[in-house]
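Shown next, in C-alpha cells, is the structure this report addresses.
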2 protein chains.
Amino acid sequence: MATGRNHRPATRSRGIPEATVARLPLYLRALTSLSERSVPTVSSEELAAAAGVNSAKLRKDFSYLGSYGTRGVGYDVEYLVYQISRELGLTQDWPVVIVGMGNLGAALANYGGFASRGFRIAALIDADASLAGKLIAGLPVRHAEELEEIVDDNQVSIGVITTPAGAAQEVCDRLVGAGVTSILNFAPTVLTVPDGVDVRKVDLSIELQILAFHEQRKAGEEFDDTVTAPPKRQPTSTGPDGDLPAVMPA
Amino acid sequence: MATGRNHRPATRSRGIPEATVARLPLYLRALTSLSERSVPTVSSEELAAAAGVNSAKLRKDFSYLGSYGTRGVGYDVEYLVYQISRELGLTQDWPVVIVGMGNLGAALANYGGFASRGFRIAALIDADASLAGKLIAGLPVRHAEELEEIVDDNQVSIGVITTPAGAAQEVCDRLVGAGVTSILNFAPTVLTVPDGVDVRKVDLSIELQILAFHEQRKAGEEFDDTVTAPPKRQPTSTGPDGDLPAVMPA
DNA sequence: TAGATTGTTAATCGATTAACAATC
DNA sequence: TAGATTGTTAATCGATTAACAATC
C-alpha cells in the first residue's frame with residue numbers, strides 16, 4: 001500500500017492543500033493587523049486565536065510553506081507577511097475586470113480591500129450602453145462590446161461576474177475567449193468552463209440558507225425528536241401533481 | 001472500536017454532514033429551475049450535472065434526507081423541492097435585518113434571491129442618522145439606536161452585517177444581545193460570539209486571493225521548478241526590521 | 001421480463017487534531 | 001540550563017467516489 005506520498009506524476013508543482021490555501025488569506029489579514037501595530041513576533045497560539053483557527057492547524061498549514069518560525073520564539077510578523085503574500089501571488093499586480101454594474105458590481109468597485117492586496121480594477125463593464133462613461137468609484141463604465149479589447153490590452157486574467165444569472169454564462173464564455181483564466185462568479189448560476197479555468201462562486205442566498213438550516217435545528221431542539229420521525233410524506237401540492245412519478249424521464 | 005455510528009449522545013438531532021447541507025441549496029436551485037420548466041422527474045445523473053456535482057455524491061447526499069427517489073425512474077421534481085426546502089427550513093418565514101447601508105448593504109437589500117426563499121427583510125439599519133428614513137429597495141433605513149427594538153419586535157434570529165470592519169464586533173454583540181443567533185458577516189473581521197450562535201463569513205477579498213494563488217501556479221508552470229527551490233529568504237524590507245526575531249514576544 | 005436507476009457499501013482520499021521530540 | 005514553542009508524527013475524523021445489489 002505504500003505511504004501514499006509522491007506517487008502522482010507531479011502534476012501540481014508543490015501540493016499545498018486546498019484547505020490550507022483558503023486559510024492563508026485569514027492568516028495574512030491577522031498578520032497585517034499585527035504589523036500595523038508594530039508587533040515584531042507572534043506565537044502560533046496567538047496568531048491562531050486572531051485568525052479564529054486551531055493552533056495545531058496553523059502550524060501544519062505553515063509547514064507546507066516552509067520553516068519560517070523559530071522554536072521557543074514564534075514567527076517574525078513582517079517576514080511571514082511577505083512569505084504568505086508571495087505564496088498567494090499578491091506581490092504582483094493582478095488586473096481585474098468587473099462585469100455587471102448593478103448594485104453588487106458597484107459595491108465591489110467601491111470595496112477597498114482589493115487595491116491593498118495587489119488587485120487593480122482594470123475596467124468596469126456593463127451591457128447597458130446608457131451606463132457607458134458613468135463614473136463608479138472614479139472609473140468610467142465601459143460597454144460590453146469592448147470586453148475582449150479591454151481584457152487583451154490590460155492582460156486581465158481574473159474576471160468578476162456580477163451580472164444577472166441569465167447573462168453570466170455568455171459573459172463567462174467571452175471572458176474566457178479573451179484570455180481570462182480565473183472567474184469569481186456572483187451570479188446564481190453554475191458556470192461551464194474549459195479545463196484550466198478556475199471558477200469560484202459566491203452565493204449570498206446559499207449562505208443564508210445554510211444559516212436557516214442550523215437556525216431551524218436550534219428551534220427544533222425544544223421538540224427534539226419530532227423531526228426525526230420517518231419521512232416519506234407528501235408535499236403541500238406546490239405543483240400540479242404531488243404524487244410520486246409514474247412515468248420515466250425522457 | 002465499533003462501527004462509529006451512534007456513539008454520540010445524540011446532540012445533533014439527525015446528523016446531516018455539513019458538506020451535504022452546503023450543497024442542498026445548489027440542488028434546490030437546479031430543481032426549482034426544472035420545476036419552472038415543468039419537468040416532472042429527473043435522474044441523479046441529470047440533476048448532478050445541472051448542479052455541477054458528481055452523481056454518486058448527490059445520491060449519497062439525498063440518502064441522508066430519506067429515500068425520496070424511485071429506482072429505475074428517478075426523483076419527482078416537485079416532491080424533492082418540497083423535501084429539501086423543508087429540510088433547509090425554507091418553508092417558514094425568516095425575518096432578517098441588514099446592518100450597514102453602504103454599497104454592499106444596499107446591494108443585498110436589492111438582491112431578489114432572498115424573498116423567494118423564505119427570507120424577509122425586517123429592517124435595514126445604519127448608524128448614520130442622516131440616512132434614517134431614506135428608502136432602499138422600498139424600505140426605510142432605521143437608525144442603529146433602534147436595533148434591539150427591531151430585533152425583538154420582529155423576532156429576528158438572522159442578522160447580516162455589512163458595516164466596516166471596525167464596527168462589526170459591536171454590531172454583532174448587540175445583535176446577539178437582542179436575540180439573534182445566526183450571523184452572516186461580510187465585514188473583513190473575525191467575530192467572537194458565544195456558544196450557540198452561528199457565524200458564516202463571506203469575504204470578497206479572500207476569494208480573489210485564492211484565485212490569485214491558482215492563477216500564479218498556472219503562470220509558473222512555464223518555469224516549473226524555480227518556485228519549488230528551498231525558501232528561507234529575506235523579505236524586501238517592508239518593515240523596519242527584516243531579520244529573524246531575537247526577542248521573545250510578551 | 002429487460003432496462004434503468006436508486007440507495008448503500010466499502011475503499012480511498014484529504015483534513016483535523018493532540019501530542020511530543022526537536023531545538024531555539 | 002530551563003522554559004517556550006515550533007515542526008512533525010500519527011491517530012482520527014469526515015468527505016468523496018466507484019461499484020453494485022436492490023428494486024422499480
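Every heavy atom of this structure was used, including side-chain atoms; hydrogens, water molecules and symmetry mates were not. Just so it is clear: chains get the letters A, B, ... in the order the sequence lines come, proteins before strands, and each one is counted from 1.
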When rounded to whole Å, the CG to C1' distance for the pair B/Asp76 and C/dT5 reads 15 Å

So CD1 of B/Ile210 and CG of A/Asp198: to nearest 0.5 Å the spacing works out to 10.5 Å

Taken to the nearest whole Å, CG/B/Leu65 to P/C/dT6 is 14 Å

note: A/Tyr68, atom OH; D/dT8, atom C1'; distance rounded to Å ~ 17 Å

Check your understanding: Under 3.5 Å, is there an N or O donor on one side and an acceptor on the other linking the side chain of B/Arg71 and the base of C/dT5?
Key -> no

Sorted by number, residues from residues 52-63 of chain B placing a heavy atom under 4.0 Å from DNA chain D are B/Asn54, B/Ala56, B/Lys57, B/Arg59, B/Lys60

Q. For A/Glu36 and A/Thr32, does a side-chain donor sit closer than 3.5 Å to a side-chain acceptor?
A. no

note: A/Glu18, atom CD; D/dA15, atom P; distance rounded to Å ~ 17 Å

Taking pairs as Watson-Crick (N1-N3 plus N6-O4 or O6-N4) or G-U wobble (N1-O2 and O6-N3), each distance under 3.5 Å, the stems of three or more consecutive pairs with DNA chain C are C:3-24 with D:3-24

Interatomic distance, CG@B/Leu175 vs CD1@B/Ile158, rounded to 0.5 Å, equals 12.0 Å

Please lay out, stage by stage, how A/Leu24 and A/Glu87 fare under the test side chain to side chain contact (heavy atoms under 4.5 Å, CB included). CA-CA 9 Å; A/Leu24 292 182; A/Glu87 194 65 52; 4.2 Å; yes

Residue set satisfying ring pair (Phe, Tyr, Trp, His ring centres under 6.0 Å) with B/Tyr27, at least two apart, ordered chain then number -> B/Phe62

When every non-hydrogen atom of B/Ser55 is compared with those of B/Ala48, the smallest separation belongs to CA-CB, 3.5 Å

Residues at least two apart in sequence or cross-chain that pass salt bridge (Lys or Arg N to Asp or Glu O under 4.0 Å) with B/Lys201, listed by chain then number, are B/Asp203

In whole angstroms, the gap separating P of D/dG14 from CD1 of B/Ile16 amounts to 15 Å

### Short side-chain donor-acceptor distance under 3.5 Å, B/Asp61 and B/Thr20
yes

Would you say B/Gln169 and B/Thr189 are linked by a side-chain donor-acceptor pair, where the criterion is simply a distance under 3.5 Å?
no

Check your understanding: Taking atom types as modelled and ignoring hydrogens, do the side chains of A/Arg59 and A/Ser44 form a donor-acceptor contact shorter than 3.5 angstrom?
Key -> yes

field: Side-chain N,O (B/Ser44) to OP1/OP2 (C/dT6) below 4.0 Å
entry: yes

Taken to the nearest whole Å, OH/B/Tyr64 to C1'/D/dA15 is 8 Å

Residues of residues 19-33 of chain B with a heavy atom under 4.0 Å from any atom of DNA chain D, listed by number, are B/Ala19, B/Arg23

C/dG7, OP1 or OP2 - any side-chain N/O from B/Tyr75 closer than 4.0 Å? yes

Sequence neighbours excluded, the answer for ring pair (Phe, Tyr, Trp, His ring centres under 6.0 Å) partners of A/Phe213 is none

